[in-house]
Amino acid sequence: MTRTSLDQADEPRTVSGGHLVARALRAEGIDTIFTLCGGHIIDIYDGCVDEGIEVVDVRHEQVAAHAADGYARITGRPGCAVVTAGPGTTDAVTGVANAFRAESPMLLIGGQGALAQHKMGSLQDLPHVDMLGPITKFAATVPRTERVADMVSMAFRECYHGAPGPSFLEIPRDVLDARVPEEDARVPRSYRASTRSAGDPAAIERLADLLTRAERPCVLLGGQVWTCRATDAAVELVRELTVPAFMNGAGRGTLPPDDPLHFQLARRHAFGHADLIVVVGTPFDFRMGYGRRLSPEATVVQIDLDYRTVGRNRDVDLGIVGDAGAVLDAVRQACSGRTGNGAAGRKQWVQELREVETAAHRKRLPRLRSDARPIDPYRLVHEIDEFLTEDSIYIGDGGDVVTFSGQVVRPKAPGHWMDPGPLGTLGVGVPFAMAAKLARPEAEVVCLFGDGAFSLTGWDFETMVRFGLPFVGIVGNNSSMNQIRYGQTAKYGAERGRVGNTLGDVPFSEFARMLGGHGEEVHDPAEIGPALRRARESGKPSLVNVWLDPDVYAPGTMNQTMYK
């Protein structure tokens with residue numbers, strides 16, 4: 001052996017910061033990152049190639065962040081977006097904020113100028129950590145290359161502290177590009193712990209007592225039921241105790257639409273007449289009228305992952321902090337140990353709610369079947385509900401038109417409803433569809449857009465084409481930001497009702513075809529169903545552009561409940 005080869009044998013193996021990022025992502029189970037390229041972050045790409053992590057490059061960083069959020073919701077594993085410094089990171093802020101309010105675990109990695117150029121005015125230098133801190137569970141700068149993987153794992157752990165949420169790491173360019181001896185760089189692999197707390201045993205027993213004694217109970221199954229993958233526990237409790245169930249957010253689909261305990265339209269009646277209301281995994285925010293929609297005479301129980309959420313905006317009689325699945329399973333077992341669980345005495349209550357539900361549906365039925373032209377939005381969302389299969393993941397991205405769908409569209413299975421969540425962010429549709437199709441390629445993805453919502457991130461339709469990700473997209477087109485238009489008209493009069501909210505008459509089918517997808521225009525309500533089926537059969541990303549009556553508004557829009 002020559003002197004040169006001896007020297008090389010003595011040299012330690014080195015690894016770059018970008019490759020350490022990729023190793024840490026792989027150790028966390030990340031198989032896909034969403035990104036838009038930039039000079040600050042390319043070493044991460046190189047590492048991802050070596051680690052077998054798919055790099056999905058999009059056209060706007062907001063899309064990357066929304067897709068990471070969506071990927072987490074679909075898979076139950078954290079999502080990851082990687083963006084460059086400065087405007088790359090600020091473009092992603094909206095997606096991170098949406099994940100924060102929706103309690104979705106994701107990591108945003110942002111580039112940063114070199115530490116050697118700190119405060120010197122380097123390219124795209126901004127105080128990212130200060131900006132992201134208020135909308136993340138953890139935000140930090142990686143100070144040394146040796147710490148890269150350690151801090152990536154730290155950020156992921158913070159995502160699951162209490163209720164899930166996003167984390168942010170910025171990695172300076174010289175930290176990312178530098179190489180260090182592998183032995184000096186720790187890549188944590190065994191650090192995960194169970195987060196499935198079943199709550200205080202005494203509180204579990206008390207809730208079991210309340211449920212077995214209640215004559216008119218109901219339960220609201222919120223987003224954390226899906227986050228915690230608590231579907232089975234929720235269904236078993238509801239059925240064994242005969243408790244009418246309502247669902248919101250990602251909790252939709254917990255019970256199938258034909259289940260006798262699945263209710264949707266009788267919620268106001270139930271909340272006004274129940275003697276026990278159990279709220280699982282959803283806050284008393286604007287969607288719940290800040291708790292004011294619950295009868296003041298009812299006993300109210302709130303179950304949540306986050307102690308801070310329990311009792312916020314409305315007093316509760318019992319609060320339980322824990323994993324929805326673990327808590328509900330423990331309560332069911334506690335109830336089963338009693339001589340009677342109260343189920344037999346609730347048939348009249350269930351029948352009362354079913355009569356309210358049926359009457360509400362019958363009242364709406366003429367509009368669901370309306371042949372009016374322009375098309376009544378109720379007809380559109382009814383056609384979508386009829387179109388969905390057991391394998392259809394439904395995504396709503398818009399204002400007024402998606403408010404209609406929330407009253408009518410019923411996902412057939414858990415995890416098959418996606419909406420932005422309480423931040424009300426428009427533009428999630430294409431990135432959520434992207435994430436859903438990548439994570440569940442065997443599933444059908446159906447997305448309803450408002451025309452205004454689609455316009456925000458619609459260019460990434462091309463990304464769907466480029467990566468071969470077929471989905472059925474429907475644009476409910478009224479050439480307006482109609483939810484805002486209604487409020488302006490009501491407040492300022494018809495002569496000022498169209499200021500700043502009127503859009504052009506855009507034939508989105510042509511946009512889809514231009515980018516290599518399938519597109520159709522629909523003016524006749526009888527053609528909605530056939531057009532949706534043709535979009536499904538095309539095997540391409542598609543847009544069915546349905547022209548709606550711009551002067552028809554959803555009840556939620558007319559009540560302006562989102563502002564009350």
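- At a cut-off of 3.5 Å, with distance as the only test, a side-chain donor of Tyr394 or Ser405 sits close to an acceptor on the other residue.
- The cationic group of Arg354 lies under 6.0 Å from the six-membered ring centre of Phe263 and within 45° of the ring axis, placing it in a cation-pi geometry.
- Glu390 and His416 form no side-chain donor-acceptor contact under 3.5 Å, judged by distance and modelled atom types alone.
- Side chains of Val430 and Phe454 form a contact here, defined as non-hydrogen atoms less than 4.5 Å apart.
- Defined by atom type and a distance below 3.5 Å, a donor-acceptor pair is missing between the side-chain atoms of Ser370 and Arg367.
- Two rings, from Phe284 and Tyr290, have their centers 6.0 Å or more apart.
- Contacts classified as side-chain hydrogen bond (donor to acceptor under 3.5 Å, both in side chains) and involving residues 92-108 (residues at least two apart or in different chains) are given here: Asp69-Asn98, Asp69-Ser104, Asn98-Thr425, Glu103-Gln224.
- By the side chain to side chain donor-acceptor pair (under 3.5 Å) test, Glu355 pairs with Gln351, sequence neighbours left out.
- Aromatic ring centroids of Phe508 and Trp547 lie 6.0 Å or more apart.
- The closest side-chain donor-acceptor pair between Gln488 and Asn501 falls under 3.5 angstrom.
- Between the side chains of Asp400 and Thr557, a donor-acceptor pair is found at a separation under 3.5 Å.
- By the salt bridge (Lys or Arg N to Asp or Glu O under 4.0 Å) test, Asp549 pairs with no residue at all, sequence neighbours left out.
- In this view, Asp460 satisfies the salt bridge (Lys or Arg N to Asp or Glu O under 4.0 Å) rule with no residue, not counting sequence neighbours.
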Donor-acceptor pairs under 3.5 Å, side chain of residues 60-67 to any protein atom, not counting sequence neighbours: which ones?
| unit_1 | atom_1 | unit_2 | atom_2 | d |
| --- | --- | --- | --- | --- |
| His60 | ND1 | Gln62 | N | 3.0 |
| Gln62 | NE2 | His66 | NE2 | 3.1 |

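- At a cut-off of 3.5 Å, with distance as the only test, no side-chain donor of His523 or Glu521 sits close to an acceptor on the other residue.
- Contacts classified as ring-ring contact (aromatic ring centres under 6.0 Å, His included) and involving residues 352-391 (residues at least two apart or in different chains) are given here: Tyr378-Phe404.
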